[in-house]
Amino acid sequence: MTVTTFIPAKSTAVKNYLTAGFGIRSWLLTTDHKRIGLMFFGSVTFFFFIGGAAATLIRLDLLDPAGRLVQPDMYNRLFTMHGVVMVWFFLIPSIPTTLGNFFLPLMIGAKDLAFPRLNLLSWYLFNASGILAVYFLLVGGVDTGWTFYTPLSSQYATGHVLPAAMAVFVNGFSSILTGLNFIVTTHRLRAPGMTWFRLPLFVWAIYATSLVMVLATPVLAMTLALMSMERFLGIGLFDPAIGGDPLLFQHLFWFYSHPAVYIMILPAMGVVSEVIACYARKPVFGYRGMAYALMSIAVIGFFVWGHHMFVTGMSLYSGVVFSFMSFIVAVPSAIKVFNWIATLHKGWITFDAPMLYALGFVGLFTTGGVTGLVVATLAADVHLHDTYFVIAHFHFIMVGGTVSAYFAGLHYWWPKITGRLYPEMWARLAAILTFTGFNFTFFPQFILGYLGMPRRYHAYPPEFQVWNVLSSAGASILAIAYILPLAYLGWSLLYGKRAGSNPWHATGLEWMTSSPPPEHNFVRTPVVTSAPYAYPDPETLADEPAGRRPQA
Amino acid sequence: MKLGGQIVTFVIAWAVLLLLLGINVLLAYQPIGGLHGFVPIGIAATQAFIIMAIFMKLRGRPSLKWVFAGAGFFWLMILLGLSSTDYMTRAAWPL
Amino acid sequence: MSQRAAALKPEMQYADLAQQGETAQLGMWIFLATEVLFFGGMMAAYLAYRMTYNADFDAAAKESVIWIGSVNTAVLVTSSLTMVMAIHAAAERERQPIVYFLLATAALGLIFLGLKGYEYVEDYNDAVVPVLNFHPKEGNPGAVELFWLFYFYATLLHAVHLTIGIILVFFMAVRAKRGAFDAGYYAPLEVVGLYWSFVDTVWVFLFALIYPIGRSG
Amino acid sequence: MSWIPFWPDTASNTAVTVNTLAIGLFAVSAFICLVVYALILLFAFRYRRGGSADRSHRVKKSWHWEIGWTSATLIAFLVLFVWGAGAYLWLYQPPANAGDEIYVVGKQWMWKVEHPGGQREIDALHVPLGRPIRLVLTSQDVIHSFFIPDFRIKHDVLPGQYETMWFTATKKGEFRIECTQFCGTQHAEMGGWVTVMDPADYQRWLNDQGAEPDLARQGEALFRQLGCSGCHGANSTVHAPSLAGIYGKPVQLEGGRSEIVDDRYIHDCIMLPRTERVAGYPPIMPTFAGQIGEEDVLKLVAYIKSLGNPASAAR
């Protein structure tokens, strides 16, 4: 990149964003996108472990076919809690609100987001709704599953359905505000010379995600509001007793909740593109194609929701339409996988922890993707719908995909966020454990699914036990892999080596400022003159320093 | 305040909107058969178009505002269009 | 230019006030797109049932009070006019007309709410309020109830939006009175104007879905 | 395919169809995964930093690659789509000759089964071998889903609606029924067994089920008891349509549409009587929604059906 760096001559002269203020007020009332990003990081980490605790209990209960660890009602509350917390309070906000918040303005050369106060409001709404949700999920719980299907949720469930729905409703505002902020920022606050096709793919990904957030979330809000009214009044728009159609709820719900899957996976794709380019020392293969693929996934993702409803009694004609669209949306995803692989071709690949996570992502995402095709195929879905096959499929995408990418991004940008390096060996170990543990946990569930074990069963026929035990054993590896980073990343905050401004010799504006970045990101507004990922050609590579391990 | 060209435009738009409202109410009582569900929606769409173009200042050079104003309605059409494929054909199949 | 006007500076992340104003407007447009989808969820429900229970919806809609609906539409359309006039006055940097037009806008909004409240009373007397008092004269009671549930959810939600609008317009009137828009920077006013006209647009559609159908047959 | 430890039993014609499709899909999936993993490992090894592989002549122009693999995946996907959609339409459209019609009512947390002859079962379903069976499903409360893994067939069961599914059992034995749509506390216990028997054994089993009158007769009794006969009866003075011989025939509705009288239509006429009113009759029929259960509606449907088909009424 022909961009000069924008590090102040004496970096001690300018305060970085962490040292700009110290009191609790300087955090709680901050409008700095970097601080808010960190605060979101704290929040989503908290919710990740809440959701993870529920998952642990579920897997423990399933060790035994009779499910004697917890009562059926308790089990139902656990998987509802796992679903609600993981979907709305971890997966959807994870990458956008933390890495997106922190790096979007940095990567486009802006001083902050367009609406910093809205950004802070979004964090408060997020926490308020999260705490509300967790509180009601703990006291009494909710026994509807995260999907809140009517008429179970509106008329029959006994738990705290109303407060939980309200929490998700409020969470939606947080999501919309964040998405709106990102869209406006990307449009209006790009640095001079930062044209659309000079944007890093992570920015494209966050932009596409934000579009989905602002256009899908309101429908969920309306759906939950209508469901809540039905529960509150005892009669409502989905009530079969007056001729209402329970499938209408599902249409509206999945109009949000299917695109929501793309809210989870698109940012992950963005992170992985950055990481693979950096550690293969090559521009992302087919950059424009990758950007178009992100946008088309975001748009076509709205045409496929009905594939959650093939066996529900929806019109068969609709089923055919939705299945067709689901196959179409898989094409851009396939393109992305091919392009990542092509990026590796003739690169200078190193296997730092972020790269290991990213390569793991590509593998797991592919497995999740092709099994997605299996369940998108109409007749196969008749058998596989609502079995563990579906559970395995979407965990491959969301946990294998999104969470791996989240960790990839977290490690990749850790030096920029904190100014410290993480311990490489521990991080590689965690990355390998994640991949191994993940496959052990969820691959057996494909088999369980085809054998016909339905989801949301607290007890199951004994012949399925061996696969369930295998799955639970894998989950224990996964648990270690997720707790490990908490320890060594925490350690690195105090004892990690100081990172320079660009420890990976990466391109991108975020590496052109000091680590941690100064309060307003850049001392001088950068001017961009070239495309992203300008990693040197192999011929000139010899000039680069051999060991990229940065000096302390 | 000077009575400029803009104000005249606003007032004309307002008058047209009221006129359309009048037509809508009058047509409601005419026997127009199967159209009675569509005509009011068509008139409402026209009114909405006028409000957005003139009162919300969308007319003029193409701009980003068009994209997002259009996006809301385009996505609404996805929702209505695809969900109605179900409601239009649910009774028809299985044959 | 007043002392205050000279002190007007863009926020840190913007190059100038023009950029700040345009950004605020873009933000509002995106928010309005989300609002389209928010109301859209309910309209999808309406459409689905309209396809299933066409005749019953016609029968139910006959009971709606069309004269109040029509007058209310006229009131809101007029309020949109006064709103843009206020913005126009701000562009011309005339303080007094801004305040008057804004107050007129808010007043029209209040008239709408008052009429709407009266209409709810009428609806109650017609026994078409689900849960509270519901004895439909015609059609399959279930489907008719679906229509009225839609009616109440949609109009109440619209009323909530309108109430927020009235509060914002009052707030803008106070700021205008204090001379906040004298300097020629009136983006907040434009943003509120967009919101106001959008609430008007929603109503135009609600009117079409509720009142005119089913009267001819 | 019982020799594969992780393959469910294949016990019906539908299972064979889905198996073939699934094997095709799994093969394609495995192939794609294999290629992706192999390429990642190959490139990761070959182009590791410090490796001596040739890096010159990098592919810079990407568009023909992009178009190439985009169209390749698109074509492969379309083939799979057409295959799956064809099988789906076959799976979910009972053939015209699907003779035996069995009613299933889902209820928190049990499956109630009613045979046309009035035999009732709970959490069990007896069917003859080699004959197409048509199930008519409905729910009394929340959404359930009727799933027989060894037949590879499932369908959600919705309150207030009739869904149908069909299969021809091809193997004798007992096979699990499961509920796959989460339906509350004892969702996991909601299940049972399908027993597939030789047609002769099946007939014997039917005969052994006690002296319950058949469904149509029970329906006839209800028809009197609920007062339906007061209006729809032959010598009634109330202006209500006669029900004799209407089943399976089109009926002209108020508003110009016409509709075939089927199970769903009769169900809706009882539960939501004014939605699809027969042309020329006043809207005086009271609704029975909330007054009678789905099982009773099924009996009434069977009775009205028998009026249209003297042969089955006599049985």
Side-chain angles (χ1 to χ4, degrees), chain A residues 72-73 76 143 145 149 151-152 156 240-241 243 246 285-286 289 311-313 316 319-320 323-324 327 330-331 334-335 337-338 341-342 344-350 359 362-363 366-367 370-371 373-374 377-380 382-383 385-387 447 450-452 454 456-461 538, chain D residues 6 8 17-18 21-22 25 29 32-33 36-37 39-40 43-44 47-49 55-56 58 62 65-66 69-70 73-74 77 80-81 84-85 87-89 91-92 141-143 145 147 149 152-156 158-161 163 176 178 180-188 272 275 289-290:
Chain A
D73 256 334
N76 298 342
D143 55 347
Y149 271 15
L152 179 67
Y156 292 88
F285 188 83
V311 306
T312 53
L316 299 189
V320 172
S323 168
F324 178 75
F327 274 96
V331 173
I335 293 174
V337 171
F338 294 141
I341 294 174
L344 296 177
H345 184 65
K346 299 201 173 178
W348 294 80
I349 303 167
T350 47
L359 292 179
V362 178
T366 306
T367 316
V370 292
T371 50
L373 289 178
V374 174
T377 309
L378 285 155
V382 169
H383 176 59
H385 188 80
D386 275 339
T387 65
I447 295 163
Y450 199 75
L451 283 171
R456 297 172 170 175
Y457 263 30
H458 88 281
Y460 53 85
Chain D
F6 44 80
T17 307
V18 174
L21 176 66
L25 286 166
S29 305
I32 297 175
C33 282
V36 167
Y37 274 96
L39 283 177
I40 291 177
F43 288 167
Y47 300 112
R48 68 193 184 277
R49 193 184 187 85
R55 267 103 166 168
S56 54
R58 276 183 179 172
S62 63
W65 284 96
E66 306 262 4
W69 57 51
T70 305
T73 45
L74 193 61
F77 290 178
L80 294 178
F81 159 71
Y88 175 70
L89 295 178
L91 274 180
Y92 270 178
D141 35 50
V142 301
I143 302 176
S145 190
F147 180 33
R152 314 284 188 281
I153 185 94
K154 85 159 64 73
H155 205 298
D156 277 13
L158 284 88
Q161 288 178 33
E163 309 293 348
R176 272 183 202 287
E178 284 166 338
T180 44
Q181 184 57 266
F182 178 63
C183 58
T185 310
Q186 291 175 51
H187 168 57
L272 305 163
T275 9

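Residues His385(A) and Phe147(D) keep their aromatic ring centres 6.0 Å or farther apart.
With a 4.5 angstrom heavy-atom cutoff, Leu91(D) touches chain A only via side-chain atoms. The part of Leu158(D) that comes within reach of chain A is its side chain, from C-beta onward, which places non-hydrogen atoms under 4.5 angstrom from that chain. Heavy-atom distances place the side chain of Glu163(D), and not its backbone, under 4.5 Å from chain A. Both the backbone and the side chain of Gln181(D) have a heavy atom closer than 4.5 Å to some heavy atom of chain A.
Residues Pro8(D) and Leu451(A) approach most closely at N-CD2, 3.8 Å, considering heavy atoms. The two residues Ile143(D) and Pro246(A) come nearest to each other via the heavy atoms CD1-CB, 3.9 Å. Of all non-hydrogen atoms in Glu178(D) and Gly452(A), the two that sit nearest each other are OE1-O, 2.7 Å. Minimum heavy-atom separation, Phe324(A) to Phe81(D): N-CE1, 3.4 Å. The shortest non-hydrogen separation linking Thr73(D) to Ala334(A) is CG2-CB, 4.0 Å. Closest non-hydrogen pair, Val142(D) versus Pro151(A), comes out as CA-CG, 3.9 Å.
How far OG1 of Thr70(D) is from CD1 of Ile335(A): 3.0 Å, rounded to the nearest 0.5 Å. Taken from CH2 in Trp65(D) to CZ in Phe338(A), the straight-line distance is 11.0 Å, to the nearest 0.5 Å.
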With side-chain contact (heavy atoms from CB on, under 4.5 Å) as the test, would you mind laying out the steps for Phe182(D) and Asp386(A) before giving the verdict?
CA-CA 9 Å; Phe182(D) 178 63; Asp386(A) 275 339; over 6 Å; no
side-chain contact (heavy atoms from CB on, under 4.5 Å), that's the test. Do Leu316(A) and Leu89(D) meet it? Break it down for me.
CA-CA 7 Å; Leu316(A) 299 189; Leu89(D) 295 178; 4.0 Å; yes
Let me see the working for Tyr450(A) and Arg152(D) under side-chain contact (heavy atoms from CB on, under 4.5 Å), right down to the final yes or no.
CA-CA 9 Å; Tyr450(A) 199 75; Arg152(D) 314 284 188 281; 3.4 Å; yes
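Among the candidates Thr366(A), Val337(A), Val362(A), the single residue satisfying the side-chain contact (heavy atoms from CB on, under 4.5 Å) test with Ile40(D) is Val362(A).
Ring-plane geometry between Phe43(D) and His345(A) is classed as tilted, the angle between the planes lying from 30 to 60 degrees on a 0 to 90 degree scale. Between Tyr457(A) and His187(D), the ring planes are perpendicular. Angles over 60° get that label, and only those under 30° would be called parallel.
Side chain of Arg55(D) to main chain of Gly347(A): a donor-acceptor pair is present (N/O by atom type, distance under 3.5 Å, no hydrogens or angles).
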